[in-house]
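Here's the structure we're looking at; comments come further down.
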There are 2 protein chains.
Amino acid sequence: MGRWQPDARARLQEAALALYGERGYEETTVAEIAERAGLTKRTFFRYFTDKREVLFWGSELLEQQMVAAIEAAPASTSALGLIGAALDAAAVRFEEVREFAGPRHRIIASSRELQERELIKAASLAAAMARALRARRFGDTVAALAARTGTTVMHVAFEQWVDDPNQTAFQQIARDALAQLREIASTG
Amino acid sequence: MGRWQPDARARLQEAALALYGERGYEETTVAEIAERAGLTKRTFFRYFTDKREVLFWGSELLEQQMVAAIEAAPASTSALGLIGAALDAAAVRFEEVREFAGPRHRIIASSRELQERELIKAASLAAAMARALRARRFGDTVAALAARTGTTVMHVAFEQWVDDPNQTAFQQIARDALAQLREIASTG
DNA sequence: ACAAGTGATGTCACCTGGTGACATCACCAT
DNA sequence: ATGGTGATGTCACCAGGTGACATCACTTGT
């Protein structure tokens, strides 16, 4: 036992998720989140750079795992094949947090500020995947296009997944979406 | 002549662009922008909902023109063909504002807040194009994938275009990028 | 065992973005 | 002239965010 209650970060995250869900993101104050966690506004800002970031802790981990999947794939894999591998890695992570995904997604969908933050996380992810593709000797344009296509497929698949009454696996949905994209691109 | 200096909005935009460029976005205060335009902080917020929006005035027009291009295309056009038509419409607009595009782009690239705003504008554009595709009887998934692919190609092409020493036409760059995307999707 | 850290937290003062309520003031229509 | 009307100014206020400094429980060197 330390001198303070442990897991301050986790307590702040729980408090924020609960309050954002109960009263809405904009109607919730950082001071209220901190109070609910038994802490201070100032301490909140020591753990999270701003009021939005508390919902996005762990996105770097996802990014690392998707990049690692690209790096670990066989040498002859095509660009979109590597994106498929990255999406499979994302699927593992998403299934782990399935129970929180719905509520969190609805909160984000309710606020423009939060959507903006989610989009820049996706852009960061795309940039990281593009770097990994360039390291594999793909050209700049191909790397950028394939990487952003990866986040496109991820988001489209994610939205189908969170609301799916059949609880279909994310991997399944994402693979189907990627196949559909290939189809679109080869048609016409 | 009116009772006030006319074009308050334009003056605010000019002042903001100049100050963001000279001193940086974060170091510039809304009060300073308003003062430079001979107005008040309160008036700034009557024209623009926030400090970021002053750089994005006119994005609805681009959105409308791209959607109109989709609606005006021949009935048998494929999904990516429609996206190509939308990109051609965007090209017209971009060439009109080429001289401002570079400075504006560098300002946006310098600030996370501004990048977030740009990304949500792109998301709004993608949603509008997806609606236009659904109105053409494309399925939800196809519409969402194709529309987001359109913004992907637009952004990748835009970045090549603004820094291009040869001043290549945006339309050319965008068409090449779209062709490359088709190539990626059909390979492997 | 005691002094000197160390690190997480609290306190306080402050700036800036953003908003609501109300006052002005030039022009316009009747 | 009289009473709108619409763009602007004034003022007070809240919340997000930050820097500087104080606390205080525990750790470490001697």
Side-chain angles (χ1 to χ4, degrees), chain A residues 1-57 107-108 110-118 120-121, chain B residues 1-57 107-108 110-118 120-121:
Chain A
M1 267 304 152
R3 33 207 150 157
W4 312 282
Q5 294 291 333
D7 297 319
R9 167 166 277 128
R11 271 154 49 216
L12 287 167
Q13 283 178 299
E14 286 164 24
L17 196 65
L19 287 170
Y20 291 168
E22 290 168 16
R23 318 168 38 163
Y25 169 76
E26 303 212 337
E27 291 68 35
T28 301
T29 233
V30 172
E32 290 168 347
I33 298 170
E35 190 185 6
R36 175 140 168 175
L39 293 166
T40 306
K41 175 187 156 192
R42 192 67 185 84
T43 298
F44 177 96
F45 287 113
R46 287 198 179 98
Y47 283 98
F48 305 102
T49 56
D50 60 45
K51 192 187 171 187
R52 300 163 271 301
E53 205 65 17
V54 65
L55 284 180
F56 295 91
W57 193 255
I107 291 170
I108 292 173
S110 75
S111 155
R112 177 175 168 154
E113 274 187 18
L114 292 172
Q115 288 169 57
E116 288 182 332
R117 182 55 50 87
E118 181 162 62
I120 209 171
K121 295 293 182 186
Chain B
M1 264 304 153
R3 34 208 149 154
W4 312 282
Q5 295 291 332
D7 296 321
R9 166 166 278 127
R11 271 153 50 217
L12 287 166
Q13 283 178 299
E14 286 164 25
L17 196 65
L19 287 171
Y20 291 168
E22 290 168 15
R23 320 169 36 164
Y25 169 76
E26 303 212 338
E27 290 70 35
T28 301
T29 232
V30 172
E32 290 168 348
I33 298 170
E35 190 184 7
R36 176 138 167 178
L39 292 166
T40 307
K41 174 188 156 191
R42 193 66 185 84
T43 298
F44 178 96
F45 286 113
R46 288 199 179 98
Y47 283 98
F48 304 102
T49 57
D50 60 44
K51 191 185 171 190
R52 300 163 271 301
E53 205 65 18
V54 65
L55 284 180
F56 295 91
W57 193 256
I107 291 170
I108 292 173
S110 75
S111 155
R112 177 176 167 152
E113 274 188 20
L114 292 172
Q115 289 169 57
E116 288 183 332
R117 182 55 51 87
E118 181 162 63
I120 209 171
K121 295 292 182 188

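Below, read A as the first sequence line, B as the second, and so on, with proteins coming before strands; counting in each chain starts at 1.
Contacts of A31(A) with the nucleic acid, taken as non-hydrogen atoms under 4.0 Å apart, are absent. Within 4.0 Å of T29(B), counting heavy atoms only, lie sugar-phosphate atoms of the nucleic acid but no base atom. Among the protein residues, F44(A) comes within range of no part of the nucleic acid, since none of its heavy atoms lies under 4.0 Å from any strand. Residue contacts for F48(A): at a heavy-atom cut-off of 4.0 Å it reaches no nucleic acid atom on any strand shown.
Atom CD of E35(B) is separated from atom P of dG17(C) by 13 Å (rounded to the nearest Å). Atom pair E26(A):CD and dA15(D):C1' shows a separation of 12 Å (rounding to whole Å applied). Rounding to whole angstrom units, CD1 of residue I33(A) and C1' of dA15(D) are separated by 12 Å. For the pair Y20(A) OH and dG16(D) P, the interatomic distance rounds to 8 Å; values are reported in whole Å. Look at CD on E32(A): it is 12 Å from C1' on dC14(D), rounded to the nearest Å. For the pair K41(A) NZ and dC14(C) C1', the interatomic distance rounds to 10 Å; values are reported in whole Å. Whole-Å rounding puts the L12(A) CG to dG17(D) P distance at 14 Å. Between the CZ atom of F45(A) and the P atom of dC15(C) there is a distance of 18 Å, rounded to whole Å.
OP1 or OP2 of dT8(D) lies within a sub-4.0 Å distance of a side-chain N or O belonging to Y47(B). The side chain of T43(B) places an N or O atom within less than 4.0 Å of a non-bridging phosphate oxygen (OP1 or OP2) of dG9(D).
You'll find a donor-acceptor pair under 3.5 Å spanning the side chain of R46(B) and the base of dG9(D), going by distance alone. Donor-acceptor pairing under 3.5 Å, judged by distance alone, is absent between the side chain of R52(A) and the base of dG16(D).
At most 12 non-hydrogen atoms from other residues, nucleotides or ligands lie less than 6.0 angstrom from CD of E35(B).
Annotation: cation-pi pair R11(A)/Y47(A) absent, no NZ/CZ under 6.0 Å from the ring centroid and within 45° of its normal.
Nearer to the 5' terminus of DNA chain D, by closest-nucleotide assignment, is the contact made by Y25(A) (compared with the other of Y25(A) and R42(A)).
Salt-bridge formation is detected for the pair R23(A)/E32(A): a Lys NZ or Arg NE/NH1/NH2 atom is positioned less than 4.0 Å from an Asp or Glu carboxylate oxygen.
Considering all non-hydrogen atoms of both residues, K51(B) and Y25(B) come closest at NZ-O, 3.0 Å.
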Assess whether side chain to side chain contact (heavy atoms under 4.5 Å, CB included) is satisfied between D50(A) and E53(A), documenting all intermediate values.
CA-CA 6 Å; D50(A) 60 45; E53(A) 205 65 17; 3.8 Å; yes
